[in-house]
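These numbers come from a predicted model, not from an experiment. Counting starts at 1 for both ligands and their atoms, following the listed order.
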Amino acid sequence: MSLHSVNPTKTESWIALEKHFQEIKEQQMQDVFEKDANRAIRFKIEWQDFYIDYSKNRITDETLSLLLKLAEELKLKEAIGKQFSGKKINQTEDRAVLHTALRDFEHMKPEVKDTLQKMQHFSGEVISGAHKGFTGKAITDLVNIGIGGSHLGPEMVAEALLFYKNHLKTHFIANIDGDGVAEKLKNLNPETTLFIIVSKSFTTQETIANASFIKDWFLEKGSDEDIQKHFVAVSANVEGAKDFGISEENIFPMQDWVGGRFSLWSSVGLSICCAIGFKNFEAMLKGAFEMDNHFKNENFDENIPVKLALISIWYNNFFQAESESVVAYSQYLNKLVPYLQQAVMESNGKSVDRNGERINYQTGTIVWGNVGSNSQHAFFQHLHQGTKLIPTDFIGFSESLHGNVKNDNILMANFFAQTEALWEGTYNKNVENPFKYFDGNKPTNTILIKRLTPKNLGSLIAMYEHKLFVQGIIWNIFSYDQWGVELGKTVAEETLSAIDNKKPAKIGNPSTANLLRFFLKNQQ
Ligand code: F6P
């Protein structure tokens with residue numbers, strides 16, 4: 001049963017939204033806010049440890065009610081049901097999309113349970129030191145070799161949950177850049193390092209090349225038999241991993257219904273599990289599971305991912321905002337943006353709809369950002385006084401983990417102050433100097449969470465996963481394929497052959513051929 005497919009711009013609610021947009025596009029919404037004493041109370045959602053304030057947006061009750069009608073008209077509820085029940089909603093790859101099944105503690109599939117048990121056992125052995133390297137020493141360093149979804153999620157979580165981390169040092173090798181790999185290996189001891197090769201396909205050029213290079217590096221000290229103590233694989237391609245030389249018991253399987261960019265909950269999370277222990281990993285899955293239930297069961301009006309998705313569509317498709325930014329006021333979350341960039345932009349950067357027709361409206365948002373308060377001293381000028389509209393998510397936590405309350409109060413004062421300054425500006429104030437005038441009216445969502453715990457992090461990530469799903473449904477696109485990255489891979493193979501054979505003339509494009517000539521002449 002396929003997903004409903006309708007051009008959203010032809011729906012009654014979209015047409016009504018266009019009309020409504022004309023009415024409010026110039027409005028200084030601070031005025032509306034001021035007249036409505038209850039706005040801050042009505043335009044917020046409290047859920048578990050989360051407080052989501054979306055009152056500082058260029059929306060009214062009518063905007064929200066039209067956006068909710070749009071979701072209804074485009075059969076969002078039905079689509080959510082299809083996703084969670086395992087229908088093959090990734091139609092272009094003929095696959096179900098079931099990363100939610102990896103954290104479904106009510107109906108856990110036996111294969112998911114088995115893999116979790118295997119991860120629990122293995123990570124326990126590595127952490128306790130029972131797993132020994134080839135000279136009998138315990139493991140001290142873990143290296144995750146993988147790229148894209150096989151890297152960004154694990155690295156982001158390992159960094160975000162640093163507070164909960166054990167003694168193992170965690171490293172990530174993703175880029176094929178040989179210098180980068182050499183820099184990482186420089187400080188590693190093959191006797192005490194465990195390499196986790198993560199690749200769903202086990203064919204990704206960068207990962208296989210890096211893993212092969214590292215295997216050779218390892219074999220300068222260890223023997224072929226020692227490989228089993230130092231290399232494990234995470235893959236849906238068990239045969240590929242075996243061919244590489246990994247024994248079957250060292251392969252952690254994953255299913256084809258887990259998309260790469262949604263896979264941190266699966267065996268792809270093995271490095272997370274080793275770094276923070278299984279209990280914390282499980283708590284993160286539980287947090288995601290609770291967000292799944294909220295998303296599945298809550299009325300759209302009180303539904304966090306649905307609300308955030310619809311508000312983002314309002315800016316993207318009506319205000320024609322080109323991007324949105326995410327600023328987390330926590331150093332721990334400094335890898336959140338690269339993670340979201342893959343999740344959101346690989347999913348929704350599409351220009352053909354579910355009928356195979358070219359699209360004549362904007363889809364996927366461009367996501368960018370960094371951590372606060374650093375960002376205030378970098379790109380915030382543009383948010384405050386630039387000509388572009390950049391809706392921003394502010395993420396912050398009430399409790400500090402290390403108890404440095406003095407610093408954290410300053411951090412959070414900035415967090416609250418920025419959304420207020422962006423919203424209020426100096427509008428209605430008597431500012432004569434035009435350079436010091438701020439329009440305000442700059443939209444933000446505030447996502448305030450009690451404490452950065454594994455569970456809350458799980459909920460936060462799942463929130464963004466569901467947000468992008470909702471947007472894909474509304475835009476009538478397939479969010480779970482990524483054909484766009486394939487062409488580049490093919491061209492790179494042809495280019496590599498031209499480089500290896502020193503034959504730039506084999507490349508048809510004159511610009512590339514000339515660049516290759518220059519490159520080859522100056523190599524080494
Ligand atoms: O090239 C894009 C992509 O297919 C991503 O979707 C994926 O996360 C990444 O490559 C890595 O793929 P694999 O896990 O198969 O190595």
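Between atom 6 (O) of ligand 1 and the options M254, E346, R261, the minimum heavy-atom separation is to E346.
Any N or O atom pair closer than 3.5 Å counts here, and T207 shares no such pair with ligand 1. Not a single N or O atom of E486, backbone or side chain, sits closer than 3.5 Å to an N or O atom of ligand 1. For ligand 1, the polar-atom distance check against G149 finds a nitrogen or oxygen pair separated by under 3.5 Å.
Here is the list of ligand 1 atoms found below 4.0 Å of a heavy atom in I147: 9 (C), 11 (C). Set against the non-hydrogen atoms of T204, the atoms of ligand 1 under 4.0 Å away are 12 (O), 13 (P), 15 (O), 16 (O). Ligand 1 places these atoms under 4.0 Å from at least one heavy atom of S199: 13 (P), 14 (O), 15 (O), 16 (O).
For the pair K489 and ligand 1, a heavy-atom separation below 4.0 Å is found. The shortest heavy-atom distance from Q342 to ligand 1 is under 4.0 Å.
Residue pairs meeting the side-chain hydrogen bond (donor to acceptor under 3.5 Å, both in side chains) criterion with at least one member in residues 143-153, sequence neighbours excluded, are N144-S271, H151-E155.
Between F134 and F218, the ring-plane angle classifies as perpendicular under the 30° and 60° cut-offs.
With hydrogens and angles left out, the side-chain atoms of S201 and N237 include no donor and acceptor closer than 3.5 Å. Neither side chain, S459 nor Q48, offers a donor N or O lying under 3.5 Å from an acceptor on the other.
Closest to atom 15 (O) of ligand 1, if we only count protein heavy atoms, is S201 OG, 2.6 Å.
H121 NE2: 12 or fewer foreign heavy atoms inside a 6.0 Å radius. Within 6.0 Å of atom NZ in K279, 12 or fewer heavy atoms from other residues, nucleotides or ligands are found, so the atom counts as exposed in its surroundings.
Cation-pi contact between K286 and F105: present, with separation from the ring centre below 6.0 Å and deviation from the ring axis of at most 45°.
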